[in-house]
S.K.: 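This structure is in structure tokens; I'll ask about it shortly.
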Amino acid sequence: MKRALPPLALAAVFLAAIGAGSFFADPIGLVADAGALRFRSAGARATTVPGPSGTRLFARELGPRSAGTPVVLLHGLGAASHYWSETAIDLFRAGRTVIVPDAPGSGRSDPPAAESGWGIPGRVAAVSALLDALGVRKADLVGHSLGGWTAGAFALAEPYRVRRLVLVDAAGFSKPDPRAEAELRTSLSPGDRAGARRLYDLLFLRKPFPASGFLLDAFGRQYRSENVVATVAALEEKDGLLGREAELPEGTVFVHGAEDLICPLPDTRAAFARARNARLFVIRGTGHDAPLEAPRLFHETLRAALAE
């Protein structure tokens with residue numbers, strides 16, 4: 001006769017079954033939860049502040065606001081503050097105060113009050129509102145992908161508030177032909193599993209998770225969400241950074257994956273050549289998401305980029 005499992009073992013089996021069910025139902029949500037847990041375990045504070053037009057913005061803070069110049073990390077399309085959890089903790093351990101907001105409509109931040117708020121000007125206004133609310137006069141600004149475009153646009157709008165600008169695989173410096181642009185916009189909101197796989201291959205050279213069916217389905221749902229679709233629709237060429245590179249803060253740092261298929265490295269090299277006293281770090285063997293694909297190397301590179 002088989003022995004019955006003790007109560008603690010039964011509880012463990014029950015919780016594991018629930019966890020497995022949650023993972024299959026919403027793996028992206030569990031990744032966000034894991035990032036939030038990492039922030040909390042490092043002592044991060046959850047902060048909600050007034051945003052543009054009566055909306056609310058959510059951010060996580062590590063370290064005292066009074067400790068010198070903080071680093072503000074801006075995430076890209078389809079992500080939220082949890083994207084930066086490991087990077088924020090690495091910078092915090094290196095002695096920096098770090099602020100990581102959810103962009104409007106992402107994570108726990110309210111959607112914009114108007115459709116126009118999904119675009120770059122709305123995201124820039126959100127950064128400005130965040131710094132105002134937290135009493136931050138000047139920051140080091142780091143942005144990835146669409147967050148890099150936002151960071152660059154903010155630096156152009158309010159240059160006196162940016163000490164160091166670091167653009168990681170930043171969008172906004174390319175001008176594809178109309179057909180290529182239309183194809184990219186379509187790819188960013190995949191309608192089926194095949195489209196999700198194509199987008200996954202575009203974003204990552206080193207895959208952060210297996211391309212299993214249910215994971216690809218969850219990935220596709222993430223990029224079909226309102227904040228992604230509305231943001232892509234609101235992006236306009238007139239808000240781009242192309243042609244304004246010389247106006248970026250002196251000493252702007254570009255960090256780029258060598259095999260980036262979304263924001264090609266040649267476009268970033270051209271932007272770097274036009275910027276004033278800029279630096280360029282190329283991370284070999286990575287695609288569009290070096291912070292996820294090669295975190296240790298990326299963190300070493302970012303610390304060097306932020307150094308005086």
Side-chain angles (χ1 to χ4, degrees), residues 27-28 31-32 74-80 82-84 87 103 106 118-120 123 143-152 167-237 240-242 254-271 281-295 297-298:
I28 304 297
V31 169
L74 303 181
H75 65 80
L77 186 73
H82 67 270
Y83 179 90
W84 287 118
T87 301
S106 299
W118 291 105
I120 295 299
R123 294 171 80 96
H144 170 253
S145 192
L146 187 61
W149 185 349
T150 303
L167 305 177
V168 183
D169 293 289
F173 292 108
S174 300
K175 188 178 181 179
D177 62 70
R179 180 178 176 180
E181 181 180 359
E183 290 178 353
L184 178 58
R185 286 177 180 264
T186 300
S187 296
L188 290 173
S189 296
D192 55 21
R193 183 178 293 178
R197 186 183 297 275
R198 286 192 294 271
L199 177 58
Y200 188 52
D201 289 340
L202 278 175
L203 287 173
F204 301 106
L205 180 66
R206 300 182 186 179
K207 305 297 191 277
F209 59 83
S212 301
F214 78 97
L215 289 171
L216 285 176
D217 291 342
F219 182 72
R221 288 195 300 272
Q222 179 73 8
Y223 277 84
R224 289 193 299 274
S225 60
E226 178 192 17
N227 71 311
V228 173
V229 174
T231 298
V232 171
L235 296 177
E236 298 188 60
E237 184 180 331
L241 305 175
L242 186 64
F254 297 84
V255 180
H256 215 87
E259 308 299 329
D260 189 340
L261 298 178
I262 297 288
C263 302
L265 178 58
D267 292 343
T268 292
R269 288 192 184 278
F281 295 85
V282 176
I283 301 182
R284 304 294 178 187
T286 63
H288 186 64
D289 276 86
L292 299 184
E293 296 179 49
L297 180 56
F298 173 75

S.K.: Nearest 0.5 Å please: distance from the CZ atom of Arg198 over to the CG atom of Asp192.
M.R.: 6.5 Å

S.K.: Specify the closest pair of heavy atoms between Arg123 and Ala103, including all atoms of both residues, with the distance to one decimal.
M.R.: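 Taking Arg123 first and Ala103 second, the nearest heavy atoms are NH2-CB, 3.5 Å.
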
S.K.: For the CD1 atom of Ile283 and the CG atom of Leu297, what is their distance to the nearest 0.5 Å?
M.R.: 5.0 Å

S.K.: Using 0.5 Å steps for rounding, measure from the OG1 atom of Thr186 to the CG atom of Leu199.
M.R.: 11.5 Å

S.K.: Can you tell which of Val228, Ile120, Ile262, Val232 makes a side-chain contact (heavy atoms from CB on, under 4.5 Å) with Leu146?
M.R.: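 So the option named by the test is Ile120.
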
S.K.: What pairs of residues pass the ring pair (Phe, Tyr, Trp, His ring centres under 6.0 Å) test when at least one of them lies in residues 185-207, not counting sequence neighbours?
M.R.: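 As it turns out, the ring pair (Phe, Tyr, Trp, His ring centres under 6.0 Å) pairs with a partner in residues 185-207, which skip direct neighbours, are Tyr200-Phe204, Tyr200-Phe209, Tyr200-Phe219.
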
S.K.: Would you compute the distance between atom OG1 of Thr268 and atom CG of Asp260 and round it to the nearest 0.5 angstrom?
M.R.: 7.0 Å

S.K.: What is the minimum heavy-atom distance between Val229 and Ser189, and which atoms define it?
M.R.: CG2-OG, 3.7 Å

S.K.: Which heavy atom of Leu241 sits nearest a heavy atom of Gly152, and at what distance?
M.R.: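 Shortest heavy-atom separation between Leu241 and Gly152 comes out as CD2-C, 3.8 Å.
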
S.K.: side-chain contact (heavy atoms from CB on, under 4.5 Å), that's the test. Do Leu202 and Ser187 meet it? Break it down for me.
M.R.: CA-CA 9 Å; Leu202 278 175; Ser187 296; 4.1 Å; yes

S.K.: Considering non-hydrogen atoms only, spot the tightest contact between Ser145 and Gly76 and give its length.
M.R.: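 Scanning both residues completely, I find the closest heavy atoms to be CB-CA, 4.4 Å.
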
S.K.: Run the salt-bridge test on Arg206 and Asp289 with the 4.0 Å N-O cut-off and return the result as yes or no.
M.R.: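 The answer is no: the pair does not qualify as a salt bridge.
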
S.K.: Take Asp201 and Lys207 through the test salt bridge (charged side-chain N to carboxylate O under 4.0 Å, His left out) and record every step on the way to the result.
M.R.: CA-CA 8 Å; Asp201 289 340; Lys207 305 297 191 277; 3.6 Å; yes

S.K.: Return yes if some donor-acceptor pair links the side-chain N/O of Tyr223 with the main-chain N/O of Gly191 below 3.5 Å, else return no.
M.R.: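 Pair absent, no side-chain N/O of Tyr223 close to backbone of Gly191.
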
S.K.: How many angstroms lie between CZ in Arg193 and CG in Leu216, if you round to the nearest 0.5 Å?
M.R.: 7.0 Å

S.K.: Identify the two heavy atoms, one from Arg224 and one from Asp217, that lie closest to each other, and give their separation to 0.1 Å.
M.R.: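 Taking every non-hydrogen atom into account, NH2-O, 4.5 Å.
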
S.K.: Ignoring hydrogens, what is the shortest heavy-atom contact between Pro190 and Gly220? Give both atom names and the distance.
M.R.: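 It is CG-CA, 4.0 Å.
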
S.K.: Among residues at least two apart in sequence or on other chains, which ones pass side chain to side chain contact (heavy atoms under 4.5 Å, CB included) with Thr87?
M.R.: Leu73, Trp84, Leu91, Phe298, His299, Leu302

S.K.: Do Asp169 side-chain atoms and Cys263 backbone N/O form a donor-acceptor pair below 3.5 Å?
M.R.: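 No, Asp169 side chain to Cys263 backbone: no donor-acceptor pair under 3.5 Å.
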
S.K.: Is the backbone N or O of Gly287 less than 3.5 Å from a side-chain atom of Glu293, with the two atoms forming a donor-acceptor pair by type?
M.R.: yes

S.K.: How far apart are the C-alpha atoms of Val255 and Val168, what are their side-chain angles, what is the distance that settles it, and do they pass the side-chain contact (heavy atoms from CB on, under 4.5 Å) test?
M.R.: CA-CA 5 Å; Val255 180; Val168 183; 4.3 Å; yes

S.K.: Begin from the C-alpha positions of His144 and His75 and carry the test side-chain contact (heavy atoms from CB on, under 4.5 Å) through to its verdict.
M.R.: CA-CA 6 Å; His144 170 253; His75 65 80; over 6 Å; no

S.K.: Start with the C-alpha gap between Asp267 and Lys175, add the side-chain angles, then the distance that decides, and say whether side-chain contact (heavy atoms from CB on, under 4.5 Å) holds.
M.R.: CA-CA 9 Å; Asp267 292 343; Lys175 188 178 181 179; over 6 Å; no

S.K.: Taking the side chain as C-beta and beyond, is there a heavy-atom pair between Leu261 and His288 under 4.5 Å?
M.R.: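 Contact flag for Leu261/His288 side chains = no.
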
S.K.: Using the test side-chain hydrogen bond (donor to acceptor under 3.5 Å, both in side chains), find all partners of Thr286 that sit at least two apart in sequence or belong to another chain.
M.R.: none

